[in-house]
Chemist: 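I have a structure I would like to understand better, so I am pasting it below and will then ask my questions one at a time.
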Protein chains: 2
Amino acid sequence: MRDRTHHIDLLLRKLALLERLDDQEQAAIAGLPFELENVPAHRMLIREGSQVTHCSLLVRGFACRHKMARTGKRQIVAFHMAGDMMDLQHALLSRADHNLQMITDGTVGTVPIKAMKAVCRDFPRIAEAFAKDALIDASIFREWVLNVGGRDAKTRVAHMLCEFVARREAMGISPVEAMRLPMTQEQIGDATGLTAVHVNRMLRLLSEEGAFRHEGRELVISDWPMLKAVADFDAAYLHGLAHEPQSANAF
Amino acid sequence: MRDRTHHIDLLLRKLALLERLDDQEQAAIAGLPFELENVPAHRMLIREGSQVTHCSLLVRGFACRHKMARTGKRQIVAFHMAGDMMDLQHALLSRADHNLQMITDGTVGTVPIKAMKAVCRDFPRIAEAFAKDALIDASIFREWVLNVGGRDAKTRVAHMLCEFVARREAMGISPVEAMRLPMTQEQIGDATGLTAVHVNRMLRLLSEEGAFRHEGRELVISDWPMLKAVADFDAAYLHGLAHEPQSANAF
DNA sequence: CGGGAGGTTGACCACCATCAACTGCTGTGG
DNA sequence: CCACAGCAGTTGATGGTGGTCAACCTCCCG
């Protein structure tokens, strides 16, 4: 039973960060006809240029959105984790302008856009919550433009880590103190406009300076204030979709 | 009389690209209580971190949105031209996460967010049009992430030019064949993550290769297909907010 | 006529890309 | 159980793209 509604819990938790929804509204969300599917790592969910008829909720695992330059260089423009609505924009823009791809294996819930529009029509506050989510998405893109366009390699990598950790914390996905990064160094490179080799060097640098350390395959953030400072990170651009790790205990 | 309604014409023209609005809906737009103000070049309209209570429509002139890195490096994340709603996101996200500043002198129309919300509540298709505009904004940010993160200097500068020309064409602001760029080379640099010096070199290169030429202070695009090819430009990401210059006559 | 902003050009150099080799995991099949 | 393949990570050597610094030019506009 818990399993059948886990994806609804996730979505409600996310929306609660954006808008206070009453029982009726929560029931409307719970009534959305999600179809759940387990998908393997690297599965392409949506391809640039294709027509999109469903919205996707990530229930388990990690995914990313990316575009390609003519040279073949891939640019990751967003990472997604459990609880994220990954393509709200397709509710109104029918053609995908980028690819959506799983990083790890996971579970995806899809809803017909018609159902999304219906619930938005009947419950304006739900519509507002989804709109806010999309606008915060845009704010994150702006920060990424600054990150790749205006910061040096070490800062870029640190910033990416900070955002990832802060969003994880907000969704309560896992203890932040010790986590395994789901993305490869090459993917971090594709997100920051660096090569995997240079990402590796920057991670080593940050680790040598004491921002985090490796414990087996886990990454342990040993000095959040320091990492945040190096990263030039200020969570304001996440507009409440993430608070910084406050649980100072582990740090 | 034409002057009093010019800003409404502009806005309706923009919205017509996004949604077919009937007479009643157009009348509702025309009824929005815009306050027009002439503003000088470089005027800051909105500052990062401030609370925003109005939405701004650019009626005349050019503006940009930008963020600052800790080092002081400024990153421009968007250029705006007449007809653009510059901060729809602030209708739902009350705190600005970036600055909004005039590039040239111009005219700005402001509407209280309450009035915007009211018209959106009463006319769902208007709400949808504004939402589409915000989503296209996000798509443009994604393209910019790719541009600064994944393309070399020449391509970046050319791409920025292409987007600017295509959007101008869509809004019918001026003949595209000959225009004066409103932004300085330093601003192009801040938008592309390059220095003004290097932007200068890239512009020279593009011009030497015949993509465009200078006539006095005007820039004349002499070979749009070539510029577009060099730029790795595909207008799909503008989702109909801009078609490419088709008037092959001048080229 | 003078001052200032923007544009132009050259010399030099640093950051990060590229190429290449090697290590260590992990899963898989003999 | 081992061998092997394959992917991710690691490290070093070298070079190029684009940054930095500095000088000078051009065009406005007061």
Side-chain angles (χ1 to χ4, degrees), chain A residues 40-42 62 64 69 71-76 101-105 147-161 180-208 212-219 230, chain B residues 40-42 62 64 69 71-76 101-105 147-161 180-208 212-219 230:
Chain A
H42 311 303
F62 294 89
C64 70
T71 58
K73 199 193 170 316
R74 185 179 68 164
Q75 178 70 45
I76 292 178
Q101 186 172 24
M102 293 303 294
I103 290 178
T104 63
D105 66 346
N147 204 39
V148 296
R151 299 196 176 109
D152 66 13
K154 189 169 84 170
T155 315
R156 268 186 241 184
V157 172
H159 192 281
M160 221 228 64
L161 277 180
R180 179 157 174 187
L181 279 184
M183 65 285 268
T184 66
Q185 293 181 357
E186 182 170 11
Q187 286 161 341
I188 296 177
D190 285 347
T192 51
L194 301 167
T195 57
V197 171
H198 208 60
V199 167
N200 183 286
R201 289 195 251 258
M202 295 304 103
L203 286 174
R204 154 168 293 276
L205 244 179
L206 288 166
S207 146
E208 278 171 1
F212 52 78
R213 61 181 187 280
H214 296 285
E215 287 192 358
R217 312 212 37 82
E218 306 275 293
L219 186 83
V230 172
Chain B
H42 311 302
F62 294 89
C64 69
T71 58
K73 197 188 172 319
R74 186 179 67 163
Q75 178 69 45
I76 293 178
Q101 186 172 24
M102 293 302 295
I103 289 179
T104 64
D105 66 345
N147 205 38
V148 296
R151 297 195 176 109
D152 65 15
K154 189 169 86 171
T155 314
R156 268 187 243 185
V157 172
H159 192 280
M160 220 229 64
L161 278 180
R180 178 153 175 190
L181 280 185
M183 66 286 270
T184 66
Q185 293 181 356
E186 183 170 11
Q187 286 161 340
I188 297 177
D190 286 347
T192 51
L194 302 166
T195 57
V197 171
H198 207 60
V199 167
N200 183 288
R201 290 195 257 256
M202 296 303 103
L203 286 173
R204 153 169 293 276
L205 243 179
L206 288 166
S207 147
E208 278 172 359
F212 53 78
R213 60 181 187 280
H214 296 285
E215 287 191 358
R217 314 217 30 87
E218 305 275 294
L219 185 84
V230 172

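When reading the values below, keep in mind they use all heavy atoms of this one structure, side chains included, and skip hydrogens, waters and symmetry mates. What you see is a predicted model; the values in this text were computed from it and never measured. Per chain, numbering begins at 1; letters A, B, ... match sequence-line order.
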Chemist: Donor-acceptor check, side chain of B:Arg156 to backbone of B:Arg151, threshold 3.5 angstrom: yes or no?
Modeler: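 Present.
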Chemist: With the threshold set at under 4.0 Å for non-hydrogen atoms, list the residues of residues 193-206 of chain A touching DNA chain D in residue-number order.
Modeler: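 When residues 193-206 of chain A is checked for heavy atoms under 4.0 Å from DNA chain D, the hits, listed by number, are A:Val197, A:Asn200, A:Arg201, A:Arg204.
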Chemist: Report the distance from atom CG of B:Leu181 to atom CZ of B:Phe62, rounding to the nearest 0.5 Å.
Modeler: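 The CZ atom of B:Phe62 is 9.0 Å from CG of B:Leu181, to the nearest 0.5 Å.
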Chemist: Rounded to whole Å, how long is the line connecting atom CD of A:Gln185 with atom P of C:dC25?
Modeler: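 After rounding, the reported distance stands at 15 Å.
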Chemist: Roughly how far, to the nearest 0.5 Å, is CE of B:Met202 from CG of B:Leu161?
Modeler: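 Reported value, rounded in 0.5 Å steps: 13.0 Å.
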Chemist: In whole Å, what is the span from the NZ atom of B:Lys154 to the C1' atom of D:dG16?
Modeler: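 After rounding, the reported distance stands at 16 Å.
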Chemist: Can you tell me how far P of C:dG7 sits from CG of B:Leu219, to the nearest Å?
Modeler: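 Computing the B:Leu219:CG to C:dG7:P distance gives 12 Å.
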Chemist: From A:Gln187 CD over to A:Arg74 CZ, what is the distance, rounded to the nearest 0.5 angstrom?
Modeler: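 Rounded to the nearest 0.5 Å, the CD-CZ separation comes to 5.5 Å.
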Chemist: Between C:dA5 atom C1' and B:Ile188 atom CD1, what is the distance in whole Å?
Modeler: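 Roughly 16 Å, once rounded to whole Å.
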Chemist: Roughly how many Å is it from CD in B:Gln187 to C1' in C:dA5, rounded to a whole number?
Modeler: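 To the nearest whole Å, that distance equals 12 Å.
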Chemist: Ignoring hydrogens and geometry, is there a side-chain-to-backbone donor-acceptor pair from A:Gln101 to A:Cys64 under 3.5 Å?
Modeler: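 Pair absent, no side-chain N/O of A:Gln101 close to backbone of A:Cys64.
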Chemist: Dump the pairs, protein N or O against N or O of nucleotides 28-30 of chain D, anything under 3.5 Å, distances to one decimal.
Modeler:
| from | atom 1 | to | atom 2 | distance (Å) |
| --- | --- | --- | --- | --- |
| D:dC28 | OP1 | B:Arg217 | NE | 3.4 |

Chemist: Just how far, in rounded Å, is P of D:dT10 from CD of A:Glu186?
Modeler: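 After rounding, the gap between these two atoms is 14 Å.
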Chemist: Kindly calculate the angle separating the two end axes of the helix from C:dC1-D:dG30 to C:dG30-D:dC1, each obtained from five base pairs, and round it to 10 degrees.
Modeler: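 Comparing the first five pairs with the last five, the axes sit 30° apart.
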Chemist: In whole angstrom, what separates A:Asp190's CG from C:dA17's P?
Modeler: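 It works out to 11 Å between those atoms.
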Chemist: C:dG7 C1' sits how many Å from B:Leu181 CG, rounded?
Modeler: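 Taking CG of B:Leu181 and C1' of C:dG7, I get 13 Å after rounding.
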